[in-house]
Amino acid sequence: MGVTDCHVHINPFWEMRPDALALLGHRDPATARFVREPKAFLDYLDRSGIDRAVLVNYVAPEVIGYTEATNTFASEFAKADPQRLLATGGIRPDHPDPGSEVRRLSRELGLRAIKLHPPHQLFRPNAYVEGGPGRLAELYGACEREQLPVIFHTGTSIFPRARDRFGDPMFVEDVAIDFPKLTIVLAHGGRPLWMTTATFLARRFPNVWLEVSSIPPARLHDYFPALERLSEKVLFGTDWPGPAVPELRANFDAFRALPLSAEVQRRVLEENPLKVFPSRGSR
Ligand SMILES: [Zn+2]
């Protein structure tokens with residue numbers, strides 16, 4: 001077993017709108033190289049002590065710039081080592097035929113999860129309950145059938161045009177109830193406004209997981225006082241190289257320096273990620 005970083009952004013940055021890209025001002029040439037050279041990124045994972053990385057990609061043309069081409073990008077990138085690189089892709093919430101699209105993303109592109117970003121895709125995760133636009137219920141049903149986890153961005157985003165009211169994890173409650181076999185990951189645990197809600201949902205629903213990326217590990221207990229009691233439902237992730245996120249190694253070391261038992265550390269870093277993103281075949 002090894003450590004899984006459940007939230008890394010290896011994205012086609014060339015698709016980003018200029019003002020969104022400008023927010024990632026610290027991006028250095030090495031990072032840009034990783035996006036084009038999976039082998040270099042794998043070496044970086046080795047140097048960081050990370051075995052597997054969930055490559056979080058999504059579709060948000062209006063707000064960020066990512067188009068459906070991001071799915072092909074993620075799929076191709078992960079081919080360098082599908083055991084270690086777990087490609088995630090996205091789908092528009094108003095896709096006219098989400099059933100076929102999810103099947104294609106799963107079976108043809110080999111994606112391991114679907115990332116939905118309500119503040120960047122400008123939709124409420126439970127809009128289907130009130131007969132909202134699009135075929136969201138079909139989308140979730142298809143992910144459930146394909147056993148593709150859905151990673152919801154929860155919490156705020158400071159990118160231009162992001163609408164943060166959609167980031168309230170309580171909107172995911174209906175999805176957890178209506179699709180009990182769908183694996184749901186609450187990325188960022190609702191930070192910085194809704195940690196209590198995210199914690200509540202992860203405790204209440206067996207199919208909901210709390211992922212703690214983009215929060216400085218040293219401050220995790222401030223954000224999630226119940227971290228240890230909830231450790232069977234918590235997933236480690238960094239959100240690297242998001243705004244203000246330190247290097248993978250620094251992030252990982254800071255997590256390991258927390259006063260958590262070895263058992264809790266192993267759960268959050270290794271065992272829980274394997275339950276949500278099982279390994280495929282032997283290494
Ligand atoms: Zn992220």
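These numbers come from the heavy atoms of this one structure, side chains and all, not from hydrogens, waters or symmetry mates. For ligands, and for the atoms within them, numbers begin at 1 and follow the listed sequence.
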- Item | Student check: side-chain heavy atoms of Leu139 and Cys143 closer than 4.5 Å | yes
- Evaluate the side-chain proximity of Thr4 to Leu274: yes if any heavy-atom separation is below 4.5 Å, no if none is. no
- Item | Pairs touching residues 226-245 that satisfy ring-ring contact (aromatic ring centres under 6.0 Å, His included), sequence neighbours left out | Tyr44-Trp240, Phe236-Phe255
- Message: Quick check on the Zn ion (ligand 1): does His7 put an N/O/S atom closer than 2.8 Å to it?
- Response: yes
- Item | the Zn ion (ligand 1) to nearest N/O/S of His9 below 2.8 Å | yes
- Would you please test Glu263 and Ser261 for side chain to side chain donor-acceptor pair (under 3.5 Å) and show each step? CA-CA 5 Å; Glu263 189 187 356; Ser261 69; 4.8 Å; no
- Return the name of the atom in Asp239, of element N, O or S, nearest to the Zn ion (ligand 1). OD1
